[in-house]
Amino acid sequence: MVNTPVLFEFKRLLLDVASGGSRQLTEVEADLVQTNHLLNEAIEKLGGSFLQLHTVVLAQQKIVAAIVEQQAPATPAQIDQIKQSQQQIDTHVNAAVTGLQFQDMTSQLVERTLRRVVGLREVLGFLSNSSWDMVPECDMDEMYELLQKINRIMEERLVNLENSLWKTVRQTHMSSGDIDLF
């Protein structure tokens, strides 16, 4: 016959493991989705910036070639065109640099995801190692005390894991301008 308090503690242990593990895996999934989204946006932004840079540099080269070909000083219109192309180049380089800055954010998301997985593995490892202490020779009172102890430690480890991890990155789109790093 199963002792009701022991059964209760066992159910509580299973519930804590399931809900804590599920919560951590949900966060891992959210971080990976956000990381993928940021990387896709960054790559798209970088590709567009480099194509625009290429276009502006080609136009600038044509202006310089025309000046060299005419073997005369540049006209005021040509000088203005070169200045405008320099400003466009600066704009596109800045946009590319913004795309590169998101590497830091995605790197932090990946690091946090890895720490979450390692922490969850340690919590489950503790549970696996603790279950060996429940030998068949234990009486119900000893098993009840052991389950209570395992439950307390599991709860503490899951809370410590959650508290030790950075909170969610608020940046979701590169175009929003604010980068809220950890």
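Fair warning: this is a prediction, and the values are worked out from it, not measured in the lab. Along the sequence shown, residues carry numbers from 1.
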Engineer: Hydrophobic clustering (ILVMFWY, side-chain heavy atoms < 4.5 Å, transitive) - are L15 and L147 grouped together?
Structural biologist: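 Unlinked, L147 and L15 end up in two clusters.
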
Engineer: Rounded to the nearest 0.5 Å, how far does CG of L39 lie from CE of M105?
Structural biologist: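 These two atoms lie 11.0 Å from each other.
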
Engineer: Which heavy atom of A74 sits nearest to which heavy atom of I67, and what is that distance?
Structural biologist: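 In this case the closest contact between A74 and I67 is CB-CD1, 3.5 Å.
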
Engineer: Could you tell me the separation between the OG1 atom of T106 and the CD atom of E111, rounded to the nearest 0.5 Å?
Structural biologist: 11.5 Å

Engineer: Report yes or no: do Q70 and Q78 form a side-chain donor-acceptor pair below 3.5 Å?
Structural biologist: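 A pair is found: one side chain offers a donor N or O, the other an acceptor, under 3.5 Å apart.
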
Engineer: So which atom in V117 and which in V28 form the shortest heavy-atom distance, rounded to 0.1 Å?
Structural biologist: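 Minimum heavy-atom separation between V117 and V28: CG2-CG2, 3.9 Å.
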
Engineer: Is a side-chain donor or acceptor of N36 paired with a backbone partner of L32 at a separation under 3.5 angstrom?
Structural biologist: no

Engineer: Which heavy atom of A96 sits nearest a heavy atom of S49, and at what distance?
Structural biologist: N-OG, 3.6 Å

Engineer: If you look at every heavy atom in R12 and E155, which pair is closest and at what distance?
Structural biologist: NH2-OE2, 3.2 Å

Engineer: So, taking the atom named CD in Q81 and the one named OG1 in T75, what distance separates them when rounded to the nearest 0.5 Å?
Structural biologist: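 Q81 CD to T75 OG1: 7.0 Å, rounded to 0.5 Å.
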
Engineer: Before giving the answer on side-chain contact (heavy atoms from CB on, under 4.5 Å), spell out for Q86 and V56 the whole-Å C-alpha distance, their side-chain angles and the decisive distance to 0.1 Å.
Structural biologist: CA-CA 8 Å; Q86 287 171 331; V56 173; over 6 Å; no

Engineer: Under the side-chain contact (heavy atoms from CB on, under 4.5 Å) rule, what do L38 and Q34 come out as? Steps first, then yes or no, please.
Structural biologist: CA-CA 6 Å; L38 287 169; Q34 187 176 5; 4.1 Å; yes

Engineer: Using 0.5 Å steps for rounding, measure from the CD atom of Q87 to the CD atom of Q84.
Structural biologist: 7.0 Å

Engineer: Could you please spell out the steps behind the side-chain contact (heavy atoms from CB on, under 4.5 Å) verdict for E41 and H37?
Structural biologist: CA-CA 6 Å; E41 273 195 67; H37 182 74; 2.7 Å; yes

Engineer: How about V110 and L114: do any of their side-chain heavy atoms sit closer than 4.5 Å?
Structural biologist: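 A side-chain contact under 4.5 Å exists here.
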
Engineer: Test of understanding: clusters of I, L, V, M, F, W, Y form through side-chain heavy atoms closer than 4.5 Å, transitively. Do I153 and F10 belong to the same one?
Structural biologist: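 Both belong to a single hydrophobic cluster.
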
Engineer: Using the rule given for side chain to side chain donor-acceptor pair (under 3.5 Å), can you reason through H92 versus Q88, listing the C-alpha separation, both sets of side-chain angles and the distance that settles it, and then say yes or no?
Structural biologist: CA-CA 6 Å; H92 298 307; Q88 289 175 342; 5.5 Å; no

Engineer: Could you measure the distance from the OG1 atom of T98 to the CG atom of L46? Nearest 0.5 Å is fine.
Structural biologist: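 Going from the OG1 atom of T98 to the CG atom of L46 covers 9.5 Å.
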
Engineer: Are the side chains of V118 and E122 in touch, meaning some heavy atoms are under 4.5 Å apart?
Structural biologist: yes

Engineer: Of I63, V64, L58, which meets side chain to side chain contact (heavy atoms under 4.5 Å, CB included) against Q61?
Structural biologist: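 Testing Q61 for a side chain to side chain contact (heavy atoms under 4.5 Å, CB included) against I63, V64, L58 leaves exactly one candidate, L58.
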
Engineer: Mind running salt bridge (Lys or Arg N to Asp or Glu O under 4.0 Å) on E9 and K149 for me, showing each step along the way?
Structural biologist: CA-CA 10 Å; E9 286 299 317; K149 177 182 171 187; over 6 Å; no

Engineer: Ignoring hydrogens and angles, tell me if any N or O in the side chain of S85 forms a donor-acceptor pair with the backbone of I82 under 3.5 Å.
Structural biologist: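 Pair found, side chain donor or acceptor close to backbone of I82.
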
Engineer: Can you tell me how far apart CG (L120) and CD (E27) are? Round to the nearest 0.5 Å.
Structural biologist: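 The CD atom of E27 is 12.0 Å from CG of L120, to the nearest 0.5 Å.
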
Engineer: Consider only side-chain heavy atoms of I, L, V, M, F, W and Y, link residues closer than 4.5 Å, and tell whether L25 and V33 are in one cluster.
Structural biologist: no

